[in-house]
*Asks:* 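Mind looking over this structure? Questions follow.
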Amino acid sequence: MTVRDALKPVAQLVLAVLAAVAAVVSWWQVRTVVDVAPVAAGQPATTSIAYYPPMMLLTLVLATAAGIFAVLGVAGLYRLRSGGLTGRGG
């Protein structure tokens with residue numbers, strides 16, 4: 001086992017945390033509050049939430065990447081603790 005083999009799962013977990021934080025920040029930018037005109041005369045104006053689809057897609061991709069990196073990182077740490085694989089091919 002080399003140092004690179006030991007650092008790879010840690011780097012994957014760091015990437016998972018960064019992707020999760022980026023997904024949260026992206027989600028905050030997805031929605032905006034917009035004013036809606038009254039439906040009938042004499043009725044008050046209301047507000048609604050509008051979503052921006054490209055940012056929703058970015059949030060989904062970042063959350064998926066965070067999950068993948070988290071699984072790979074935890075599996076790699078587990079493999080290191082349990083003694084690893086006997087060969088490189090599995």
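All figures in this text were calculated on a predicted structure; none of them were measured in a lab.
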*Asks:* Can you sort out the partners of Ala16 under side-chain contact (heavy atoms from CB on, under 4.5 Å), two or more places apart, ordered by chain and number?
*Replies:* Phe69, Ala70
*Asks:* If you look at every heavy atom in Ala6 and Leu80, which pair is closest and at what distance?
*Replies:* CA-CD1, 3.7 Å
*Asks:* Sorted by first residue and then second, give each side-chain hydrogen bond (donor to acceptor under 3.5 Å, both in side chains) pair with at least one member in residues 6-21; sequence neighbours left out.
*Replies:* none
*Asks:* Tell me, which pairs form a side-chain hydrogen bond (donor to acceptor under 3.5 Å, both in side chains) where one or both residues lie in residues 52-61, sequence neighbours left out?
*Replies:*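 Checked against side-chain hydrogen bond (donor to acceptor under 3.5 Å, both in side chains) - neighbours excluded - the pairs reaching residues 52-61 are Ser26-Thr59.
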*Asks:* Anything under 3.5 Å between a donor and an acceptor, one on a side chain of residues 39-46, the other on a protein residue two or more places apart or in another chain? List them.
*Replies:*
none

*Asks:* Sequence neighbours left out, what pairs pass side-chain hydrogen bond (donor to acceptor under 3.5 Å, both in side chains) with at least one residue falling in residues 13-23?
*Replies:* none
*Asks:* Distance-only criterion, 3.5 Å: show the donor-acceptor pairs between side-chain atoms of residues 29-38 and protein atoms not counting sequence neighbours.
*Replies:*
none

*Asks:* Only counting residues at least two apart or in another chain, list the ones meeting side-chain contact (heavy atoms from CB on, under 4.5 Å) with Ala66.
*Replies:* Ala19, Ala20
*Asks:* Using 0.5 Å steps for rounding, measure from the CG atom of Leu18 to the CG atom of Leu62.
*Replies:*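 The CG atom of Leu62 is 10.5 Å from CG of Leu18, to the nearest 0.5 Å.
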*Asks:* Do Ile49 and Leu58 share a hydrophobic cluster, counting only Ile, Leu, Val, Met, Phe, Trp and Tyr and linking them when any side-chain heavy atoms are less than 4.5 Å apart?
*Replies:* yes
*Asks:* Atom CE of Met56 and atom CH2 of Trp27: how far apart are they, to the nearest 0.5 Å?
*Replies:*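 If I round to the nearest 0.5 Å, the distance is 4.5 Å.
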*Asks:* So, applying side chain to side chain contact (heavy atoms under 4.5 Å, CB included) with Pro9, which one of Val74, Val14, Leu77 is it?
*Replies:*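 One option only clears the test, and that one is Leu77.
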*Asks:* For Leu72, which fellow cluster members are found when Ile, Leu, Val, Met, Phe, Trp and Tyr are connected by side-chain heavy-atom distances below 4.5 angstrom, either directly or through intermediates?
*Replies:*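 In the cluster with Leu72 are Ile68.
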